[in-house]
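Worksheet: one structure, shown below.
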2 protein chains.
Amino acid sequence: MTDTPQPKRKHIPQATIKRLATYVQVLESLARDNVSVISSNPLAEACGVQGSQIRKDLAYFGEFGIRGVGYQVNHLISSITSSLGVDHEWPMVLVGVGNLGKAMINHIGFHAHGFHIKAIFDCDPFKIGDKVHGLEVFPTQEIKPIVEKLGVEIAVITTPPERAQRAASYLAEGGIKGILNFAPARIKVPDHVHVEYVDFFRHMYNLIFNLTQDPKEAKPERDAMDIKKHLFDSDPGQIRD
Amino acid sequence: MTDTPQPKRKHIPQATIKRLATYVQVLESLARDNVSVISSNPLAEACGVQGSQIRKDLAYFGEFGIRGVGYQVNHLISSITSSLGVDHEWPMVLVGVGNLGKAMINHIGFHAHGFHIKAIFDCDPFKIGDKVHGLEVFPTQEIKPIVEKLGVEIAVITTPPERAQRAASYLAEGGIKGILNFAPARIKVPDHVHVEYVDFFRHMYNLIFNLTQDPKEAKPERDAMDIKKHLFDSDPGQIRD
DNA sequence: CACTACTTGAGAAAAGAATCACAAGGATAC
DNA sequence: GTATCCTTGTGATTCTTTTCTCAAGTAGTG
């Protein structure tokens, strides 16, 4: 009926979405290197997954490849980004103008991918009125009216853990639908608000656990030449997370 | 035989390790509130998982609870952190002294949890010699000798994507065993080096996908009072990543 | 135009992870 | 000391996700 590749809308695993973000990252790198077509296996190797995994992930959204050929890099990028809804601008607000908050406000890649921070908030009276990257810092009490006025749906929390819940509550009251939470604290929000936790410690714990508990990888020794030899043919590691 | 709770060393899922980090986060918050004992179900609710999930996760490492009572908060924290190997200091180095790098260097929670950045590197000649939080910026060429001299095993990469691979190669040559990579790029390292990717975009993509594709949650309208009512009894969301 | 070489897409099978259900163990009250 | 109550730890079950396998489809070659 339709000329678009009919999407098989059943339940799509969260893991698939996560991997799609990585595929885009690698595909964009390929595009910069002027690679125009790639098949699933080499792409999979660059992403640290199986080829069949990529094909299955993409199949949730439609048919983007050409049998016998592979995938057109640019077409695949736009197919994935539009499938996910990240092919256009998303205005955002940020709460917590500390070191990390400022880093996010100035993050060029973030802005380049359409994530535009439109307003920033902090509860520290000494910061109110400061300008960061051209944006004025507003008090957290004004989150609700400003979010409502701007009609923003996504927010970033970069406060200390003890202030994350208050920020989240203000944001929810203002009608925010999604929160990217960098604060090392769990927050409670209404059911319709989706929270993504960016937890450095989780990654660090994982790193250290794998370091200390993987005696299977404890190779005796390895000199610089040996490392260089392995540098470009080793497994870049599973995506998961 | 031993008086320590015998660990059942079989394969431990990565997902379990990730959750343990969250358990510690919530337990530390409980400890601050002077909660001394907690049973699996209330802890599970605060973490956004099932009680049986917590019990199973802990069972991989031993028996830390008291039947009929629950878990001692402080004891459980130290049991988990020592099981994971995060109960002592970990010296680290950092490559890429930009906005994000500086934020990590100044991150108090990071330092408080034993992750101590001992040396920092950048390839920008104008940054070499600068002091950040008391640390002098060294050129990336010196990564190998300095890492070897310090005997550091863990590194953080906060460079732009195009410089992440070079940083990773230098680090691997210096004998680094684990890398926390904030750069939005996949890196290739020898098999024995473990890489953890901290990918904001992955979280953003997930957030937006859930926003746009979850029409099941599209409640008609909801005023502020309604939101407040739900604020403290709603599901804080699954841990997953 | 038939034939070969490749690659996708998808059903089937395998592996893995979360949940359930309950026996075992410990604390407390009487 | 005995009975009752409560919560853990774990085997069994269910559910989810990944991997395997191969038919279907496309481009290029002689």
Side-chain angles (χ1 to χ4, degrees), chain A residues 4-20 22-23 27 35-45 47-73 75-76 79-80 83 206 235 237-241, chain B residues 4-20 22-23 27 35-45 47-73 75-76 79-80 83 206 235 237-241:
Chain A
T4 50
Q6 75 291 1
K8 322 255 148 59
R9 272 275 165 272
K10 39 179 275 184
H11 176 251
I12 297 170
Q14 295 273 312
T16 290
I17 309 299
K18 300 273 173 66
R19 280 191 296 269
L20 289 173
T22 302
Y23 302 161
L27 287 165
V35 176
S36 61
V37 174
I38 191 161
S39 56
S40 57
N41 278 325
L43 175 60
E45 217 229 299
C47 295
V49 296
Q50 296 289 107
S52 56
Q53 180 81 82
I54 289 188
R55 297 199 296 275
K56 182 135 295 217
D57 284 341
L58 295 176
Y60 285 112
F61 296 94
E63 302 188 6
F64 305 121
I66 305 161
R67 295 178 189 216
V69 179
Y71 301 91
Q72 262 198 283
V73 173
H75 178 244
L76 188 53
S79 296
I80 295 175
S83 293
N206 213 25
D235 175 26
Q238 289 297 92
I239 288 191
R240 301 180 192 273
D241 102 282
Chain B
T4 51
Q6 74 291 0
K8 323 256 148 61
R9 272 276 165 274
K10 40 180 275 184
H11 176 251
I12 298 170
Q14 295 274 313
T16 289
I17 309 299
K18 300 275 172 61
R19 281 191 296 268
L20 289 172
T22 303
Y23 302 161
L27 286 165
V35 177
S36 62
V37 175
I38 191 161
S39 55
S40 58
N41 277 326
L43 176 59
E45 217 229 298
C47 295
V49 297
Q50 295 289 106
S52 56
Q53 179 81 82
I54 289 189
R55 297 199 296 275
K56 181 140 294 213
D57 285 340
L58 295 176
Y60 284 112
F61 297 93
E63 302 190 6
F64 305 123
I66 305 161
R67 296 182 189 213
V69 180
Y71 302 91
Q72 260 198 285
V73 172
H75 178 244
L76 189 52
S79 297
I80 295 175
S83 294
N206 213 26
D235 177 26
Q238 288 299 90
I239 286 192
R240 299 178 195 274
D241 262 283

Problem set entry | Along DNA chain D (nearest heavy atom to each residue), the more 5'-positioned of A/Lys56 and B/Lys56 | B/Lys56

Exercise. Over its full length, what angle do the end axes of the helix from C/dC1-D/dG30 to C/dC30-D/dG1 make, each axis taken from five pairs and the result rounded to 10 degrees?
Worked result: 10°

Exercise. Does A/Gln53 make a side-chain N or O approach to OP1 or OP2 of D/dT19 shorter than 4.0 Å?
Worked result: yes

For this session: Using modelled atom types only, decide if a donor and an acceptor are shared between the side chain of A/Ser79 and the backbone of A/His75 within a distance under 3.5 Å.
Result: yes

Problem set entry | Full working for side chain to side chain contact (heavy atoms under 4.5 Å, CB included) between B/Phe64 and B/Arg55 | CA-CA 9 Å; B/Phe64 305 123; B/Arg55 297 199 296 275; over 6 Å; no

For this session: Tell me whether the OP1 or OP2 atom of D/dT18 has a side-chain N or O from A/Arg19 closer than 4.0 Å.
Result: yes

Exercise. Between B/Gln50 and C/dT19, is there a side-chain N or O to OP1/OP2 distance below 4.0 Å?
Worked result: no

Seminar exercise, completed: Taken to the nearest 0.5 Å, the spacing of B/Asn41 CG from B/Ile54 CD1 works out to 8.0 Å

Seminar exercise, completed: Interatomic distance, CG@A/Leu20 vs CD1@A/Ile80, rounded to 0.5 Å, equals 5.5 Å

Exercise. How long is the gap from CD on B/Glu45 to CD on B/Gln50, to the nearest 0.5 Å?
Worked result: 10.5 Å

Exercise. If you measure from OG1 on B/Thr16 to OH on B/Tyr60, what distance do you get to the nearest 0.5 Å?
Worked result: 5.0 Å

Exercise. How long is the line joining CD1 of B/Ile38 and P of D/dT8, in whole Å?
Worked result: 10 Å

Which protein N or O atoms sit under 3.5 Å from an N or O of nucleotides 5-7 of chain D?
residue, atom, partner, partner atom, Å
D/dT7, O4', B/Gly68, N, 3.0
D/dT7, O2, B/Gly68, N, 3.3

For this session: Check whether any side-chain nitrogen or oxygen of B/Arg55 sits under 4.0 Å from OP1 or OP2 of C/dT19, and answer yes or no.
Result: no

For this session: For side chain to side chain contact (heavy atoms under 4.5 Å, CB included), just list the numbers for A/Leu58 and A/Leu76, CA-CA rounded to whole Å, side-chain angles, deciding distance to a tenth of an Å, and then say yes or no.
Result: CA-CA 9 Å; A/Leu58 295 176; A/Leu76 188 53; 4.0 Å; yes

Problem set entry | Euclidean distance, A/Cys47 SG relative to A/Gln53 CD, rounded to 0.5 Å | 11.0 Å

